[in-house]
Amino acid sequence: MRVGVIGVGCSKFGRRDDVTIQELSYEAVKEALEDAGIAQDDIDLSVVGSVNTRGYELMPAVPVNEYCGFEDRGPFRVEAACATGTAAIYAACTSIASGMADVAIAIGVEKMTEIETAVSLAIGGRAGNYLWEFHQYGTTFPGYYAMHATAHMARYGTTEEQLAKVAVKAHGNAVKNPKAHFQKEITVEDVLNSRYIAYPLKLYDCSPISDGSAAAILASEERIRELGIDNVVWIESAGYASDTSNMTNRESFVGLKAAVMAADMAYRKAGIDNPVKEIDLAAVHDCFTIAEIMAYEDLRFCRKGEGGRLVENGDTEIGGKLPVNTFGGLKAKGHPLGATGVAMVYEVVKQLREEAGRLQVDLRSNRALIHNIGGTGHFAFVMIFRR
Amino acid sequence: MFIESRELVMRHRIPVSKTAKFWKGLERGKVYKTACRECGREYYPPKADCFCGGEVEWVEIDGRGVVEAFTTVYTIPSGFERSRPYTIAIARFGKVRVMGWADDVSVGDEVTIRTGQDENGVWKVYFEVV
């Protein structure tokens, strides 16, 4: 059964001192309901994607769901680290595809700024395997990706300047996105001169600690017809894979195996041989600049080891061969864990409906890709959307 | 306007009986992996149970390893307050990879293994460049 996206919403990302997690969630839900032109009563099931290890509301699904007006249609909560949002989309999609629901909403939300930074870093550092990594070695989340960066630089000659170019591109797009955390353009020099967080990653190589929410309403083809909705973006395929919790059990550090597997699965199901030619844009997981470079390679946008050159050539800018992260990426729009994957869906749906304003890309195949990684490749989702 | 939440402190007691050999080994300067007597699979971090159901034995890791990835952590997470910036490396020793702390390493360096305690008193693996 075909499943389509009929409504999307997204809050302003950033430091949201003005709202609680419930209030923040409703911003996205309200926008998504209005976008679809339906009400709470039309929805059968809600899925709340929230990691919430930084939150005071330890089990947020019910309070969030109640605030948004879904108290009687059972939320279930999903968690897949930084890929939580796409896990929520996937769960909503499969519940419709299986016939268990006709219309489902995926709500992704995260409040990350209410606790101090050192504690937040310690929580992120536990996103691998606590006992064998954080407890002994003080792995941090930037540290995990930094290890991939040193391996990639040693093997392929990737440079700190190439990493910086990813951040410059992200900020350049984010200034045109009113929902983005950062609204300031930066230069390669700004990135290179910023302080090290975890060598070789510097402050401007890292996505910020952000608050935010996003929501997407999915429905079956039959129900979409009954509702008379024609502004639909279809879910063409989805790939999902995972990898070990321990970094020491990985096959290599120059890419993410789970992402390669998820991409192969999504491409196979959608019949895509050459993604650069067959998709119009991609939203990829750039929590750190090295992550975007590895994503280019894992998603076969270029050959292994050529990711640095791809961004350097401008091929992934708006107007380039394959625009990537037109919305500013996690790097500059922000990365509120549970919201991120749902917000990627928001961004590609806006693009495929040609509603992306100053960030709009030219559509040829009417296909877009999202790539959402949890942890350091612990979870990987790749999904293809089509107008 | 803000409200301060009530404090919540969590400290866990983690059972390590099945890998006690590893934890005690660190205090005697030894680092152990496990190896399955049935299928030959090797585990680091050590696992007491092999997927195949076979019995595992404890084998010391020594000799030289090769560094495959590293980072120096400058922004220190809570729990490591007494630590200065520290370098984490992953080195390959035969069939297994080991994580450890090191000074001044690069990808491709050959290292040997030793154990020691950090500023918080936690025993762990350290690497020394050959």
Side-chain angles (χ1 to χ4, degrees), chain A residues 17-18 20 55-58 114-126 128-155 195-203 206 244-254 290, chain B residues 1-6 8 10 12 14-16 19 22-23 26 33 42-47 67-81 83 85-93 96-102 105-109 115 117-120 122-126:
Chain A
D17 284 342
D18 54 328
T20 65
Y56 56 86
E57 201 72 83
L58 294 185
E114 291 170 7
I115 60 170
E116 50 189 295
T117 301
V119 176
S120 197
L121 265 171
I123 292 169
R126 293 170 187 230
N129 184 305
Y130 170 79
L131 186 58
W132 300 99
E133 293 184 342
F134 185 83
H135 178 74
Q136 296 180 81
Y137 305 110
T139 47
T140 61
F141 198 48
Y144 281 120
Y145 271 98
M147 286 192 268
H148 284 78
T150 55
H152 205 277
M153 290 161 79
R155 175 87 66 90
R195 67 188 161 89
Y196 280 112
I197 300 295
Y199 174 86
L201 302 180
K202 293 162 284 293
L203 181 67
C206 306
T244 66
S245 68
N246 282 295
M247 287 278 282
T248 50
N249 288 328
R250 298 295 175 85
E251 284 168 20
S252 89
F253 303 103
V254 293
I290 182 64
Chain B
M1 181 183 160
F2 298 97
I3 283 172
E4 288 274 328
S5 75
R6 291 183 191 271
L8 172 67
M10 288 198 273
H12 302 86
I14 303 171
V16 292
T19 51
F22 172 84
W23 299 98
L26 290 179
K33 62 185 173 185
E42 292 188 1
Y43 294 106
Y44 189 90
K47 280 175 68 180
V67 172
E68 294 189 347
F70 74 97
T71 182
T72 301
V73 174
Y74 290 92
T75 308
I76 309 284
S78 64
F80 286 79
E81 286 84 359
S83 304
Y86 47 85
T87 298
I88 307 168
I90 296 174
R92 187 183 183 108
F93 290 80
V96 298
R97 290 185 176 85
V98 178
M99 186 178 278
W101 272 15
V105 290
S106 295
V107 174
D109 281 354
T115 70
Q117 280 174 293
D118 67 18
E119 293 94 329
N120 300 68
V122 174
W123 283 91
K124 63 172 60 139
V125 171
Y126 290 81

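Residue numbers start from 1 in every chain, and the chains themselves are labelled A, B, ... in the order their sequence lines are given, proteins ahead of strands.
Counting non-hydrogen atoms of neighbouring residues, nucleotides and ligands closer than 6.0 angstrom, the CD atom of A:Glu251 reaches no more than 12 such neighbours.
Proximity to chain A involves both the backbone and the side chain of B:Val73, based on heavy atoms less than 4.5 angstrom apart. Interface remark: B:Leu26 contributes side-chain atoms only to the contact with chain A (heavy atom separation under 4.5 Å). Of the atoms belonging to A:Leu131, heavy atoms from both backbone and side chain fall under 4.5 Å from chain B. Proximity to chain A (any heavy atom under 4.5 Å) is shown, for B:Val125, by both the backbone and the side chain. There is no contact between A:Ser120 and chain B, counting heavy-atom distances below 4.5 Å. Proximity to chain B (any heavy atom under 4.5 Å) is shown, for A:Tyr137, by both the backbone and the side chain. Of the atoms belonging to B:Asp118, it is side-chain heavy atoms, and not backbone ones, that fall under 4.5 Å from chain A. Proximity to chain B is absent for every atom of A:Asn129, based on heavy atoms less than 4.5 angstrom apart.
For the pair A:Thr140/B:Thr75, no side-chain contact is recorded, criterion being any heavy-atom separation below 4.5 Å from C-beta on. Contact annotation: the side chain of B:Thr19 approaches that of A:Trp132 to within less than 4.5 Å [non-hydrogen atoms, C-beta and beyond]. Between A:Met147 and B:Met99, the closest side-chain pair of non-hydrogen atoms falls below 4.5 Å.
By number of non-hydrogen pairs under 4.5 angstrom with chain A, the leading residue of B:Ala69, B:Ser5, B:Pro45 is B:Pro45. Residue with the most contacts toward chain A among B:Tyr43, B:Trp123, B:Tyr44: B:Tyr44 (heavy-atom pairs, distance under 4.5 Å). For chain A, the option among B:Ser106, B:Gly79, B:Pro46 with the highest count of heavy-atom pairs below 4.5 Å is B:Pro46. With chain B as the partner, the residue from A:Arg195, A:Met247, A:Gln136, A:Glu116 showing the most heavy-atom pairs under 4.5 Å is A:Gln136. Note: A:Arg250 leads A:His152, A:Arg250, A:Glu114, A:His148 in heavy-atom pairs under 4.5 Å with chain B.
In this pair, A:His135 and B:Trp23 present their aromatic rings perpendicular. The plane angle is above 60°, beyond the 30 to 60° band.
Of residues 85-93 of chain B, those residues lying under 4.5 Å from chain A by any heavy-atom pair are B:Tyr86, B:Ile88, B:Ile90.
In terms of modelled atom types and a separation under 3.5 Å, the side chain of B:Thr72 and the main chain of A:Tyr199 share no donor-acceptor contact.
A pairwise comparison of heavy atoms in A:Phe134 and B:Phe80 identifies O-CZ, 3.2 Å as the closest pair. Nearest heavy atoms, A:Leu121 versus B:Ile76: CD1-O, 4.1 Å.
Put simply, OG1 on A:Thr248 and NZ on B:Lys33 are 13.0 Å apart, with the number rounded to the nearest 0.5 Å.
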